[in-house]
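No hydrogens, no waters, no symmetry mates; every other heavy atom, side chains included, goes into these values. The model shown is predicted, which means the values in this text are computed figures rather than measured ones.
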Amino acid sequence: MDERFTAYIPTAGSNIAHAEITSPSLVKMMVKRAKNPILIIGENLEEDEKEAIIKFGEKFNIKMIKTPEDVNLVVLTKLLQRNEHDLALFTGITYYYLAQTITHLKQFSNVITISIDKYYQPNALYSFPNLSKDEYMDYLNKMLEG
């Protein structure tokens, strides 16, 4: 049995508030219930992962923003801080940049943050666990089912 590494990154002002591990079916349910979700796609995805993520966004008619191509992550954080979106999904963003962005949103907005990356992101409200490449593709395919 392989042991998985779960990063411990203490967050400012919240001693033990770590992300809840979520599943593809729960992510789909949260997206369906959200009034104005947004999907933020970084550049650290492999081609097949990026393809599945874009299909997921199109299937659920989610506004998609590619960073840094469309907009800088700092500008995007300020946009999300205005609370125009109630749910933000993140993937493919450099781990430590995403950690800082989500920590900022956690402290200064009401946006529900979900990391659908293959690495556990403790600063988000919900996150996938650490996954291997095959497990991650399985999670993405389950998000496309149904």
Side-chain angles (χ1 to χ4, degrees), residues 5-131 133 135-146:
F5 173 75
T6 301
Y8 174 74
I9 300 174
T11 55
S14 60
N15 295 331
I16 56 169
H18 296 279
E20 285 189 36
I21 301 289
T22 191
S23 65
S25 59
L26 285 174
V27 170
K28 285 193 303 189
M29 188 172 63
M30 285 190 271
V31 167
K32 286 178 185 174
R33 289 184 177 174
K35 292 179 183 166
N36 194 10
I38 187 167
L39 175 61
I40 296 106
I41 303 170
E43 59 186 5
N44 294 335
L45 291 171
E46 293 180 18
E47 201 56 43
D48 53 345
E49 297 168 348
K50 191 173 190 175
E51 216 172 272
I53 293 288
I54 290 174
K55 280 183 188 174
F56 173 74
E58 290 171 350
K59 179 179 179 180
F60 289 95
N61 198 21
I62 304 172
K63 180 180 179 181
M64 290 184 275
I65 293 182
K66 293 177 184 170
T67 182
E69 295 168 17
D70 296 338
V71 66
N72 182 318
L73 194 57
V74 174
V75 174
L76 186 61
T77 304
K78 290 178 182 173
L79 174 87
L80 291 173
Q81 197 175 339
R82 287 190 228 146
N83 292 325
E84 294 171 4
H85 299 280
D86 55 343
L87 180 73
L89 299 134
F90 296 90
T91 187
I93 299 170
T94 304
Y95 189 82
Y96 43 87
Y97 290 148
L98 180 58
Q100 294 302 310
T101 300
I102 290 178
T103 300
H104 182 83
L105 291 172
K106 189 180 196 179
Q107 302 298 324
F108 300 108
S109 76
N110 295 323
V111 177
I112 295 171
T113 54
I114 304 173
S115 173
I116 55 171
D117 222 341
K118 60 184 153 189
Y119 304 109
Y120 178 71
Q121 182 56 259
N123 295 319
L125 292 176
Y126 300 95
S127 175
F128 283 165
N130 287 327
L131 301 167
K133 165 79 177 156
E135 290 172 324
Y136 185 56
M137 284 308 298
D138 185 46
Y139 268 48
L140 294 179
N141 289 329
K142 285 180 181 173
M143 287 173 43
L144 292 172
E145 293 173 355

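Contact check for Leu76 versus Thr101: no side-chain heavy atoms found under the 4.5 Å cut-off. With contacts defined as side-chain heavy-atom distances shorter than 4.5 Å, the pair Thr22/Phe128 qualifies. Taking 4.5 Å as the limit, some side-chain heavy atom of Ile116 sits within range of a side-chain heavy atom of Met143. With contacts defined as side-chain heavy-atom distances shorter than 4.5 Å, the pair Asn83/Val111 qualifies. Looking at Val27 and Phe56, their side chains come closer than 4.5 Å, going by heavy atoms from C-beta outward. Counting heavy atoms from C-beta outward, Tyr126 and Met30 have side chains that approach closer than 4.5 Å. Glu43 has its side chain within reach of Pro68: a pair of non-hydrogen atoms, C-beta onward, lies under 4.5 Å apart. A heavy-atom distance below 4.5 Å is not found between the side chains of Glu135 and Lys118.
Residues satisfying the salt bridge (charged side-chain N to carboxylate O under 4.0 Å, His left out) criterion with Lys28, sequence neighbours excluded, are absent altogether.
One finds the CZ atom of Arg82 at 12.5 Å from the OG atom of Ser109 (value rounded to the nearest 0.5 Å). To the nearest 0.5 angstrom, Leu89 atom CG is 5.0 Å from Ile114 atom CD1. Here the straight-line distance linking atom CG of Leu87 with atom CD1 of Ile62 works out to 7.5 Å at 0.5 Å rounding. For the atom pair CG (Leu73) and CG (Leu80), the distance works out to 9.0 Å, reported to the nearest 0.5 Å.
A donor-acceptor pair is defined here as one N or O able to donate and one able to accept, closer than 3.5 Å; no such pair exists between the side chain of Thr67 and the backbone of Gly42. Listed for the Asp86 side chain is a donor-acceptor partner under 3.5 Å among the backbone atoms of Asn36. Put simply, the side chain of Lys59 gets close to the backbone of Leu144: a donor and an acceptor are under 3.5 Å apart. Counting only distance, with no hydrogens or angles, the side chain of Tyr120 and the backbone of Ala19 share a donor-acceptor pair below 3.5 Å.
Residues Asn123 and Lys106 approach most closely at O-CD, 3.6 Å, considering heavy atoms. For the residue pair Gln81 and Leu105, the shortest heavy atom distance occurs at N-CD2, 4.1 Å. The two atoms that bring Ser127 and Gln121 nearest to each other are OG-N, 2.9 Å, heavy atoms only. Residues Thr113 and Ala124 come closest through the heavy atom pair OG1-CA, 3.5 Å. Among all heavy-atom pairs drawn from Gly92 and Leu45, the shortest one is CA-CG, 3.7 Å. When all heavy atoms are compared, the tightest approach of Ile93 to Asp117 is O-OD2, 3.9 Å.
Residue Lys66 is tested with Leu39, Ile54, Val71 for a side chain to side chain contact (heavy atoms under 4.5 Å, CB included); the sole match is Ile54. Shown are Thr91, Leu125, Leu98; of these, the side chain to side chain contact (heavy atoms under 4.5 Å, CB included) with Ser115 is made only by Leu98.
For Glu47, the CD atom is loosely surrounded, since the number of other residues' heavy atoms within 6.0 Å does not exceed 12. More than 12 non-hydrogen atoms from other residues, nucleotides or ligands lie less than 6.0 angstrom from NZ of Lys133. Dense packing is recorded around CZ of Phe60, with more than 12 heavy atoms of other residues, nucleotides or ligands lying under 6.0 Å away.
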